[in-house]
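Step one of this worksheet: look at the structure below.
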Amino acid sequence: MWNVVSNTKNPNCDSYDLTVHRSAYCARLLRFPVLLRDVCMKPAPSRSAQVTLTKVRREVDFVSMALRPFCTVATVFAKWKCLTRGQIVPKIRGLQQQAIGKLNRWTSNPTGFGRSAGPREFASANGSDCSDNGDQDVRGFFISTPIFYVNAEPHIGHLYSVALADCLHRQHSLCGLQGKLSTGTDEHGIKIQRAAKQMGRSPSDHCAAISAQFAALFQHANVAATDFVRTTEERHIRAVQHFWQTLLHGGHIYRGHYEGWYSSADEAFLTKDQVKQSGDHRNNITVSIESGQPVDWIGEDNYMFRLSEFGPRLEAWLESSPPPIRPEKFRRFALTWIREGLNDLSISRDRSRLSWGIAVPNDPTQTIYVWLDALVNYLTVTGYPASGYKKWWPCDVHVLGKDILKFHAIYWPAFLMAAGLELPRQLLVHSHWTVDGCKMSKSLGNSVNLEEELQRYTSDGMRYFLLRQGVPESDGDYYQSKITKLLHAELAGTLGGLLNRCVAKSLNPKQIFPPFDSSLFPKASTTSNVTPATDLLTSADYELITTVEALPALVQKHFENARVYRALEAIMACLHQANAFVQHKQPWKLPIMHSDAERAREAAARRDTVLHVAMETLRVCGVLLQPTVPGLAQKLLARLGTSPNTPWKELSCFDAYHGRPCPHAGQSLGPDTGLLFPRLDDVTSLHDFKKSKHSRRTEKADSQS
Ligand code: MSP
């Protein structure tokens with residue numbers, strides 16, 4: 001890590017020599033956000049705003065010149081003139097991060113992957129105070145999940161939302177960023193009130209019980225959330241009321257009369273074009289076209305938010321770069337809604353109809369609309385309105401399902417704009433899960449008992465299945481035979497099988513991470529001088545080395561694009577290659593004992609070299625599997641005798657092959673704690689065995705008493 005200090009020599013020079021001037025460039029990059037914040041805070045392009053814009057422009061100019069050979073910042077400058085003011089901020093912020101990442105990677109590891117440092121490391125390196133000082137230079141990385149309604153128990157879709165966010169959060173932590181992962185429960189609203197009544201308990205008892213179920217589930221699923229917020233908490237109520245007052249003082253709220261359709265299940269106001277008649281002539285009801293949920297006609301005096309004024313700014317935001325919504329198809333949906341025109345939004349309900357919610361400040365006759373209440377949870381967890389919230393705000397990634405896109409892509413950014421707050425950097429939208437081909441519903445009785453599933457497949461098994469099969473663009477189907485098949489093939493077979501071979505006493509009698517003999521596997525560039533000992537090498541062997549070496553960068557890229565399923569696909573493909581390598585080399589056919597000592601030594605060296613390559617592959621895959629299957633990855637790395645907490649930026653591979661000292665070669669394996677991922681038939685028979693042992697004991701005890 002290099003120090004970030006201003007280069008007083010010539011910080012304005014246009015030289016491309018980053019090695020000499022990297023400190024100066026970095027110091028300048030660090031000042032970006034401060035300048036940008038100035039720009040954001042100016043309501044109109046006043047004289048001082050123009051001065052700030054000029055300063056920012058100079059910075060962009062400087063950085064783009066300096067980094068031209070290495071990164072795409074130059075493209076900002078090219079596009080600078082055509083950027084509107086609304087687009088400047090997200091654009092430059094994205095580029096600033098890109099530039100920092102690339103600059104840091106390039107300077108500390110010119111050959112490739114893994115040395116990127118986050119803004120937080122830069123700040124520490126600078127010796128500056130990393131505590132909550134409201135300065136965005138030292139801000140952490142913040143990912144959120146939606147908060148979950150407590151009208152029913154958690155289901156597989158909820159678990160997917162959380163697992164996806166958790167693995168992105170873990171990946172950022174492994175890349176050295178200090179992170180926040182927030183989740184929680186959404187506890188206000190008419191349907192919660194009704195659910196509590198149905199269960200015969202008070203709303204607060206009901207919320208506490210279901211909220212605890214969500215918290216326990218996430219714990220069992222090994223979700224490392226740093227905050228779990230409940231909308232009935234005092235800190236949240238304070239944040240919502242403060243946010244309301246900010247909107248009110250900004251002139252964005254007025255008293256009005258709302259008449260229209262309301263879906264309590266979706267907590268959404270709908271126009272006449274968004275509802276339809278459903279059922280037969282005797283039992284005709286009006287339902288939401290989108291969700292199929294019944295709607296009620298309501299007409300009441302309440303508070304309205306001037307949403308209609310935000311269309312152009314929302315459109316500019318959605319058109320900005322990098323795109324604030326992924327995948328692209330969801331960004332296009334949001335744009336279409338905006339282009340169809342936005343009406344003002346009712347943001348309160350008569351308290352006599354909805355009492356289970358947060359009261360409008362200074363008007364106890366009204367309750368704040370549950371979506372406004374719920375969305376503010378993302379600010380609550382940052383400490384808002386206390387000034388330290390800027391360490392975490394804006395949120396880097398809001399993970400959410402497609403059914404709640406409108407609330408996050410239109411209402412939330414409009415509320416934030418009105419409150420003068422920055423917009424989230426990205427909405428990561430995912431599609432839905434069905435179970436056995438059908439939408440989950442109580443009446444179909446097809447919802448999955450998650451606690452049982454977690455017990456059957458383990459938390460790693462469930463996480464692996466959901467993240468390997470979950471493609472954000474399209475719906476996924478959950479059914480047991482598919483899970484079993486996938487887990488058997490990939491975790492028990494491809495991954496577990498390769499580990500079994502490497503640690504088998506017959507092949508690895510010394511139970512070590514075996515050494516690598518470079519004369520048996522010379523570097524690709526020197527293969528023209530192959531020694532007779534390399535006659536068994538093929539181009540596929542070198543391809544394996546290339547694949548493993550390229551894997552970290554590839555996996556990182558897929559994570560950056562939130563395509564976790566692709567990252568897992570790539571890891572599995574690499575493990576397949578390693579299995580094929582071992583299969584082809586057949587180290588079990590090399591004699592362990594030989595009368596000729598030289599032949600015996602050579603056989604051992606060959607065997608060790610094959611195992612070394614396979615174990616290096618396993619090690620790299622283990623490190624890269626940490627965000628998705630943390631328990632399994634730790635078990636794998638511990639068995640290999642390597643550190644279970646290897647940060648990604650310290651991941652280098654095939655040191656011995658490259659002629660560098662290998663820190664693992666010759667080290668003892670970790671303790672044998674059983675199969676890495678037992679096949680389910682093994683688990684079932686083990687359960688049956690334990691059960692039958694238990695019942696035998698019980699029978700015996702019964703007969704004795
Ligand atoms: N409480 C609101 C969110 C407020 S966030 C400020 C809510 N809650 S929910 O419990 O209904 O849904 C929570 C999350 O689960 C949403 O992202 C939703 O899209 C997701 N899912 C609900 N059903 C789902 C599937 N069948 N499949 C995948 N995810 C689904 O909405």
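Numbers for residues simply follow the sequence, beginning at 1. Counting convention: from 1, in listed order, for ligands and their atoms alike.
Side-chain atoms of Thr183 and Val223, non-hydrogen and from C-beta on, never get closer than 4.5 Å to each other.
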### Task
Evaluate side chain to side chain donor-acceptor pair (under 3.5 Å) for Asp477 paired with Thr434, printing each intermediate quantity in order.
CA-CA 5 Å; Asp477 192 27; Thr434 51; 2.8 Å; yes
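A salt bridge between Glu267 and Lys406 is absent, with no side-chain N of the basic residue lying under 4.0 Å from a carboxylate O of the acidic one. Under the 4.0 Å criterion applied to side-chain N and carboxylate O atoms, Arg463 and Asp166 are assigned as salt-bridge partners.
Contacts of Tyr254 classified as ring-ring contact (aromatic ring centres under 6.0 Å, His included), with partners at least two apart in sequence or in another chain: none.
Using a 4.0 Å heavy-atom criterion, the residues that approach ligand 1 are Pro146, Ile147, Phe148, Tyr149, His155, Gly157, His158, Ser161, Asp186, Trp371, Ala374, Leu375, Asn377, Tyr378, Leu400, Gly401, Asp403, Ile404, His408, His430, Ser431, His432, Trp433, Met440.
For the residue pair Trp412 / His398, a side-chain donor-acceptor distance below 3.5 Å is found, with atom types taken as modelled.
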